[in-house]
Amino acid sequence: MSNLKNYWIAVLAFALLFGGTMSVQAEVKTPAVYIAVGDSLAAGQTPNSQIDTGYSDLIAQELASHQPVAFYSKNLAFPGFTTEDVLVRIQSPEAKEVLSAANIITLSAGANDLLRLVQSNSAQGTLVFQQIQADFALNKARLNMEKILTELKKTAPQADIYVMGYYFAYPHVRDSQKEGTAMQLDRLNMILEQSAEKAGATFVAVDRAFGDNGTDKVPNPGDVHPNVKGYQAMANAFLDAYQPGWEVEDQELPAADPKTFEEIIQEQEQNGDAEADGQNDVSSATPHSQLDDHYLALREAIPYA
């Protein structure tokens, strides 16, 4: 953990240097120490079960174009995470150390609690779920979100927390099949918004940007994850809450560079070997190098729903 401790000493020194010399609006965190927490949306999972640029990456990119960014990580984002998984994750010693210096946190959690109960048949365009199970899952998500936000406020007292909402994830199904599941997702968004308000956090609504027919942003009928245009919409919804006027433009979208889970694991192992050889340059640190318990440390993809 010595590399990690040295890193945070450098981060805090950077914050003191710029925090005393720059005059910015109160809501703008300078320098930004941004941590993305949550499920596969926070991680940037693509419609093809790979990892690429997600909304958190685009947020970090836009922040860096306007202000100093001391650190950004999505190590605490993991495909398949439910609210219970997120709660356990942020309570780990490694996560607490990273979160303690954060001044911006985005949180995506709750969809896996609900959508894993939805049986989607992309060939027939149908959706099936049991209402009693959905009610139970949503109540559990509500209880866990309150615990997650309490934990984040305690661990990262200087951070502004943004709770990301969810979009309608099944735009390809028949219109007659959409209403029931859409209603459950609306209930989830309401729970997230109420939990955020209760905790003094900010809820970021993203559903309007997608609508019920957002096939341009959720292109794979057999997968609920957005493409980069969908992640752009989510990032811009955050930016509108953080600093109106800042926006990720189309020409700013990076070229696609998807990686499989196996490639990410191999890259992490290589980074681990490099750290063992004594590399401790903060300027070259990557999100994957900041936690002993690495993000995406799985051997196969966990589905979002």
Side-chain angles (χ1 to χ4, degrees), residues 37-43 45 47 49 76-91 107-152 163-199 201 203-208 210-215 217-218 220-226 230 234 298 300-305:
V37 178
D39 55 26
S40 56
L41 296 187
Q45 186 164 332
S49 298
L76 300 184
F78 201 96
F81 264 16
T82 64
T83 53
E84 185 173 352
D85 295 323
V86 172
L87 180 59
V88 171
R89 177 64 158 157
I90 64 173
Q91 291 174 328
L107 170 64
S108 286
N112 283 316
D113 298 61
L114 176 65
L115 297 188
R116 63 176 50 194
L117 304 176
V118 178
Q119 299 177 31
S120 173
N121 188 318
S122 58
Q124 297 181 10
T126 59
L127 299 172
V128 178
F129 67 92
Q130 297 296 320
Q131 187 64 58
I132 294 177
Q133 291 180 334
D135 292 342
F136 179 81
L138 288 170
N139 186 57
K140 186 174 182 180
R142 177 182 62 81
L143 295 173
N144 284 336
M145 280 300 299
E146 292 179 359
K147 294 177 183 178
I148 290 168
L149 290 168
T150 297
E151 185 71 24
L152 289 175
V163 178
M164 303 296 292
Y166 288 93
Y167 52 88
F168 183 67
Y170 305 97
H172 298 271
V173 303
R174 299 200 305 267
D175 288 343
S176 62
Q177 293 287 302
K178 293 178 180 179
E179 183 176 357
T181 303
M183 187 179 298
Q184 305 313 307
L185 283 164
D186 287 344
R187 291 176 64 199
L188 173 60
N189 280 327
M190 185 178 299
I191 288 169
L192 297 177
E193 184 173 11
Q194 291 172 346
S195 298
E197 183 178 355
K198 182 178 179 179
F203 176 72
V204 178
V206 304
D207 51 342
R208 288 186 180 180
F210 285 77
D212 292 341
N213 301 297
T215 55
K217 297 179 179 66
V218 186
N220 186 348
D223 190 278
V224 298
H225 294 87
M234 295 183 71
L298 68 160
E300 60 183 12
I302 296 177
Y304 175 80

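Treat the numbers as computed from the prediction; the structure is a model and nothing was measured.
- Closest approach of Pro226 to Phe210, counting heavy atoms only: CB-CE2, 4.1 Å.
- Side-chain atoms of Leu138 and Leu188, non-hydrogen and from C-beta on, do get closer than 4.5 Å to each other.
- Between the Asp186 side chain and the Met183 main chain, no donor and acceptor come within less than 3.5 Å of each other.
- Atom NZ of Lys147 and atom CZ of Arg142 lie 10.5 Å apart (nearest 0.5 Å).
- With hydrogens and angles disregarded, a donor-acceptor distance shorter than 3.5 Å links the side chain of Lys178 to the backbone of Pro171.
- In terms of modelled atom types and a separation under 3.5 Å, the side chain of Arg89 and the main chain of Val37 share no donor-acceptor contact.
- Side-chain contact check for Asn144 versus Val86: every heavy-atom pair is 4.5 Å or farther apart.
- Summarising the geometry of Ala201 relative to Leu149, their closest heavy-atom pair is CB-CD2, 4.4 Å, with the distance given to 0.1 Å.
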- Task: Evaluate the side-chain contact (heavy atoms from CB on, under 4.5 Å) criterion for residues Leu185 and Leu115: first the C-alpha distance (whole Å), next the side-chain angles of each, then the deciding distance (0.1 Å), finally the verdict.
- Result: CA-CA 9 Å; Leu185 283 164; Leu115 297 188; 4.0 Å; yes
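- Ring geometry for Tyr170 against Phe168 counts as perpendicular: the plane angle is over 60°, on a 0 to 90° scale with 30° as the lower cut.
- Lys140 pairs by the salt bridge (charged side-chain N to carboxylate O under 4.0 Å, His left out) definition with Glu84, not counting sequence neighbours.
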- Intermediate values then yes/no, side-chain contact (heavy atoms from CB on, under 4.5 Å), Val163 and Met145: CA-CA 10 Å; Val163 178; Met145 280 300 299; 4.0 Å; yes
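- The two residues Ala43 and Pro79 make their nearest non-hydrogen contact at CB-CD, 4.3 Å.
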Validation: residues 127-134 side-chain donor-acceptor distances under 3.5 Å, sequence neighbours left out:
| residue | atom | partner | partner atom | Å |
| --- | --- | --- | --- | --- |
| Gln131 | OE1 | Gln184 | NE2 | 3.3 |
| Gln131 | NE2 | Asp135 | OD1 | 2.8 |
| Gln131 | NE2 | Gln184 | OE1 | 3.2 |

- Task: Applying side-chain contact (heavy atoms from CB on, under 4.5 Å), run through Asp39 and Phe78 and close with a yes or a no.
- Result: CA-CA 5 Å; Asp39 55 26; Phe78 201 96; over 6 Å; no
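- Separating the CZ atom in Phe81 from the CG atom in Leu41 is a distance of 14.0 Å, to the nearest 0.5 Å.
- In this structure, His225 contributes its side chain and Asn220 its backbone to no donor-acceptor pair below 3.5 Å.
- Distance check, rounded to the nearest 0.5 Å: CE of Met234 to OG of Ser108 gives 5.0 Å.
- Asp223 CG to Gln45 CD: the interatomic distance, rounded to the nearest 0.5 Å, is 6.5 Å.
- Counting all heavy atoms, side chain and backbone alike, Gly80 lies closest to Arg116 at O-NH2, 3.5 Å.
- Interatomic distance, Thr181 OG1 to Leu117 CG, rounded to the nearest 0.5 Å: 10.5 Å.
- For the pair Asn189 (side chain) and Tyr166 (backbone), a donor-acceptor distance under 3.5 Å is present.
- Interatomic distance, NE2 of His172 versus OG1 of Thr215, reported as 5.5 Å (0.5 Å rounding).
- Closest approach of Leu192 to Met164, counting heavy atoms only: CD1-O, 3.8 Å.
- Contact between Gln124 and Arg174 at its shortest, heavy atoms only, is O-NH1, 2.5 Å.
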- Task: Before giving the answer on side-chain contact (heavy atoms from CB on, under 4.5 Å), spell out for Ile148 and Thr83 the whole-Å C-alpha distance, their side-chain angles and the decisive distance to 0.1 Å.
- Result: CA-CA 8 Å; Ile148 290 168; Thr83 53; 4.1 Å; yes
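- Here salt bridge (Lys or Arg N to Asp or Glu O under 4.0 Å) pairs that include residues 189-198, with residues two or more places apart or in two chains, are Glu146-Lys198.
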